[in-house]
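Notes follow the structure.
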Amino acid sequence: MQFSIETSSPFNPKGGRAATIAPTDCVIVPVYAQRKLGPAGQAVDALLGGALIAALARHDIAEALNSVLIVPGNDQVARVLLIAAAKAESADPAGQSAAAQTPRRRGKAASVTGPELHRIAEGAVIAPVSERAFSELSRAAFRAANTTGAKKLLSLLAEVPVGVERARPLAWNLQAQVLSAHDATYRFDRLRSTTEPRHEVGAIALAVPPADATAATLALRRAQATAMGVTLARDLGNLPGNYCTPTVLANEAKALAKRHGLKVQVLERKQMQALQMGSLLAVAQGSDEPPKLIVLEWRGGGRSEAPIALVGKGVTFDSGGISLKGGEGMDEMKFDMSGAGAVLGTLAAIASMQLPINVVGVIPATENMPSGRAVKPGDVVTSMSGKTIEILNTDAEGRLILCDALTYVARFEPSAVIDLATLTGACVIALGHHHSGLFANTDGLAADLLAAGRDTLDTCWRMPLDDEYQEQLKSPFADMANIGGRPAGSVTAACFLARFAKGYQWAHLDIAGTAWKSGAAKGSTGRPVPMLTQFLVERADRNSTPAHAAKSPATAAKRGPKPPSRGPVRAPRDGA
Ligand code: BES
Ligand code: MN
Ligand code: ZN
């Protein structure tokens with residue numbers, strides 16, 4: 001899908017009725033409460049001789065939010081896709097008259113979304129929509145557009161003001177459109193022998209006011225990089241265990257490194273033995289597939305700047321091992337490498353943004369299988385840290401591979417370590433499928449991750465990590481057991497990891513409930529790539545001098561005047 005920023009569009013600064021639109025197959029136009037058009041829609045309407053307002057007056061569009069109506073156009077604009085950004089008859093939130101509401105919004109939002117946009121919005125009835133509502137609106141619009149046969153699209157959704165509690169900048173709006181468009185067109189059909197023809201949209205132009213063109217172009221670049229990372233994570237997650245082995249993950253990492261200028265190293269079983277990774281190797285010993293420890297480095301920041309480390313659980317299939325899982329839904333354990341997929345997706349995103357920050361990705365990759373050589377309940381193993389572990393349940397394998405990766409990652413002297421793991425069914429019981437579970441030994445890191453999650457609608461919820469829970473991991477035979485019983489299962493799993501993460505700031509994201517969907521819409525979600533990418537963008541902004549303080553979608557508004565652009569893209573690893 002090809003995106004572009006379009007400035008010669010119905011976002012006419014004069015609010016005039018003479019819109020100029022480059023020839024297009026379909027224009028997406030938001031419709032507000034009481035079936036009203038905004039200024040951009042009115043301009044398109046004028047172009048089509050009042051066809052839109054006529055259709056709205058006939059109530060051709062349904063009452064419900066996100067209802068769609070396709071109106072035939074002319075030679076220039078083949079069709080218009082009207083989409084309801086509000087319930088047709090909804091009153092404005094404050095219960096004021098529509099006319100009374102406009103000045104309030106105008107004053108508040110003018111400094112945020114760009115003065116140009118809001119000058120043209122004068123006089124229009126546009127109540128802000130929530131972040132989630134906008135994201136769904138965009139998805140519905142692009143999904144509907146895909147069914148029209150249109151190849152070339154112009155979206156006017158940048159007109160919709162987003163954020164009820166705090167107004168979001170234009171960059172936020174654009175990123176949401178890009179991610180929604182990708183989501184609406186995502187298909188995983190690599191493994192089908194025949195595929196239905198793809199007749200979906202090929203090119204999407206996002207209309208913005210001319211004054212916002214520069215900010216919009218940067219926002220678009222970042223949004224596309226994020227979308228690419230999400231798609232990569234989804235593809236890897238969806239790939240089944242017989243395709244996505246540890247070796248394939250390692251090859252994927254190598255290809256990624258080549259594509260985006262990262263450093264990559266893949267440690268083999270022999271090297272893991274030399275490092276005395278007895279815990280990781282214990283999980284791998286039951287499988288015929290060789291384990292891999294994948295290490296990727298993005299050096300976009302200064303030579304001496306401590307990196308942020310991302311550690312992703314890469315169990316390419318989790319059968320449970322000798323503590324074999326039940327049959328029902330076991331296929332979904334192909335998604336047990338989603339943490340690894342998210343590390344690769346996030347690194348792809350930040351590298352393609354050329355983000356000025358140092359990031360290390362570490363992926364312990366293995367299968368968890370039963371066999372004559374498999375580790376058995378009761379076995380005691382020695383981890384790389386020297387601590388011994390009594391393996392009471394071979395299905396609690398994620399923590400066993402992560403603990404050695406957490407010990408290993410200390411050699412990079414990271415400023416923070418974040419691990420991502422589909423670690424416990426208990427986390428799904430605790431939080432369902434909305435929030436990822438967040439555990440952290442540092443409040444600042446937790447706060448930043450929570451904020452990045454809210455900014456991207458890829459949210460997490462902080463969970464406890466008190467020492468009291470550590471009691472549950474006592475073993476009569478080793479330094480610790482690998483399970484802590486049924487109560488607070490996601491907490492004791494995190495407590496196990498915490499013992500290996502004492503030397504640095506650390507956070508653990510249990511993504512068991514968020515990394516994939518079950519049921520009819522079964523498939524990988526690509527979470528938490530949006531949240532992690534946002535977190536790193538924020539960190540990069542915070543670290544860097546104003547010279548490369550490029551703005552992120554969520555915070556652009558807070559920062560006042562625009563900093564100068566970053567200039568030429570730096571080569572990776574120059575450290576300058
Ligand atoms: N990969 C699973 C966790 C999981 C299970 C994620 C179901 C999503 C859905 C993990 O390796 C596992 O098996 N955990 C066990 C731990 C238990 C044995 C202490 C679990 O959650 O049942
Ligand atoms: Mn398991
Ligand atoms: Zn697992």
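Just so you know, ligand 1 is whichever comes first in the structure, and atom 1 is the first atom listed for that ligand. Model, not experiment: these values are computed from the prediction.
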inquiry  = Under 2.8 Å from the Zn ion (ligand 3), which protein N, O or S atoms do you find? Ignore water molecules.
reply    =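 The answer is K313 NZ, D318 OD2, D336 OD2, E397 OE2.
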Can you list the atoms of ligand 1 that are under 4.0 Å from a heavy atom of [X]?
X: E397; result: 11 (O)
X: I483; result: 19 (C)
X: T422; result: 1 (N), 2 (C), 3 (C)
X: K325; result: 12 (C), 13 (O)

For [X] and [Y], which I'm curious about, is there any donor-acceptor pair between the side chains at under 3.5 Å?
X: W506; Y: D419; answer: yes
X: S155; Y: Q177; answer: yes
X: D404; Y: S279; answer: no
X: T514; Y: S436; answer: yes
X: S415; Y: Q505; answer: no
X: T459; Y: H435; answer: yes
X: D189; Y: T195; answer: no

message = Checking F496 against L400 for the side chain to side chain contact (heavy atoms under 4.5 Å, CB included) test, could you report, in this order, the C-alpha distance in whole Å, the side-chain angles of both residues, the deciding distance, and whether it holds?
response = CA-CA 9 Å; F496 180 96; L400 294 175; 4.2 Å; yes
To check your reading of the model: name the closest protein heavy atom to [atom], its residue, and the distance in Å.
atom: atom 15 (C) of ligand 1; value: D395 O, 4.0 Å
atom: atom 20 (C) of ligand 1; value: G425 N, 3.9 Å
atom: atom 6 (C) of ligand 1; value: A512 CB, 3.6 Å
atom: atom 8 (C) of ligand 1; value: W516 CH2, 3.4 Å
atom: atom 9 (C) of ligand 1; value: M333 CE, 3.6 Å
atom: atom 2 (C) of ligand 1; value: D318 OD2, 3.6 Å

inquiry  = Looking at D379 and K376, is there a salt bridge between them, counting it only when a charged N and a carboxylate O are closer than 4.0 Å?
reply    =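 So K376 pairs with D379 through a salt bridge.
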For ligand 1, is any non-hydrogen atom under 4.0 Å from [X]'s backbone (N, CA, C, O), its side chain (CB onward), both, or neither?
X: L423; answer: backbone
X: D336; answer: side chain
X: F496; answer: neither
X: K313; answer: side chain

task = Please check if atom CD in E413 has more than 12 non-hydrogen atoms from other residues, nucleotides or ligands closer than 6.0 Å.
result =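 No.
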I need the [X] [atom1] to [Y] [atom2] distance, nearest 0.5 Å.
X: L406; Y: M384; atom1: CG; atom2: CE; value: 11.0 Å
X: R527; Y: L509; atom1: CZ; atom2: CG; value: 10.0 Å
X: L293; Y: M277; atom1: CG; atom2: CE; value: 5.0 Å

inquiry  = F412 vs V295, test: side chain to side chain contact (heavy atoms under 4.5 Å, CB included). Steps then yes/no.
reply    = CA-CA 11 Å; F412 295 99; V295 184; 3.7 Å; yes
message = Here's one to test your reading of the geometry: is the NZ or CZ of R234 within 45 degrees of the ring axis of Y186 and under 6.0 Å from its centre?
response =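 Yes, R234 and Y186 form such a contact.
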query = What's within reach of the Mn ion (ligand 2), meaning protein N/O/S atoms under 2.8 Å?
reply =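 Protein N/O/S atoms under 2.8 Å of the Mn ion (ligand 2): D318 OD2, D395 O, D395 OD1, E397 OE1.
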ask   = Just distances here: any N/O of N393 and N/O of ligand 1 closer than 3.5 Å?
value =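 N/O-N/O distance under 3.5 Å: no.
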ask   = Is R399 in polar range of ligand 1, meaning some N or O pair under 3.5 Å apart?
value =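 In this structure, R399 places no N or O atom under 3.5 Å from an N or O of ligand 1.
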ask   = Does E332 have a non-hydrogen atom less than 4.0 Å from ligand 1?
value =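 Per 4.0 Å heavy-atom rule, E332 does not contact ligand 1.
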message = Tell me whether ligand 1 is touched by F317 - counting only heavy atoms on the residue side and a distance under 4.0 Å.
response =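 No.
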Among D395, N368, N393, side chain to side chain donor-acceptor pair (under 3.5 Å) partner for S323 =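 Of the listed residues D395, N368, N393, the side chain to side chain donor-acceptor pair (under 3.5 Å) partner of S323 is N393.
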Residue pair T424, R399: steps toward the side chain to side chain contact (heavy atoms under 4.5 Å, CB included) verdict = CA-CA 10 Å; T424 64; R399 62 199 80 180; 4.0 Å; yes
task = Could you give me the CA-CA distance, side-chain angles and deciding distance for E390 and M480, then say whether side chain to side chain contact (heavy atoms under 4.5 Å, CB included) is met?
result = CA-CA 6 Å; E390 184 187 14; M480 70 192 88; over 6 Å; no
Test item: protein heavy atom less than 4.0 Å from atom 22 (O) of ligand 1 =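 No; the ligand atom in question lacks any protein heavy-atom contact below 4.0 Å.
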message = To check you understand the geometry: which heavy-atom pair defines the closest contact between A253 and L344, and what is its length?
response =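 Of all heavy-atom pairs spanning A253 and L344, the closest is CB-CD2, 4.0 Å.
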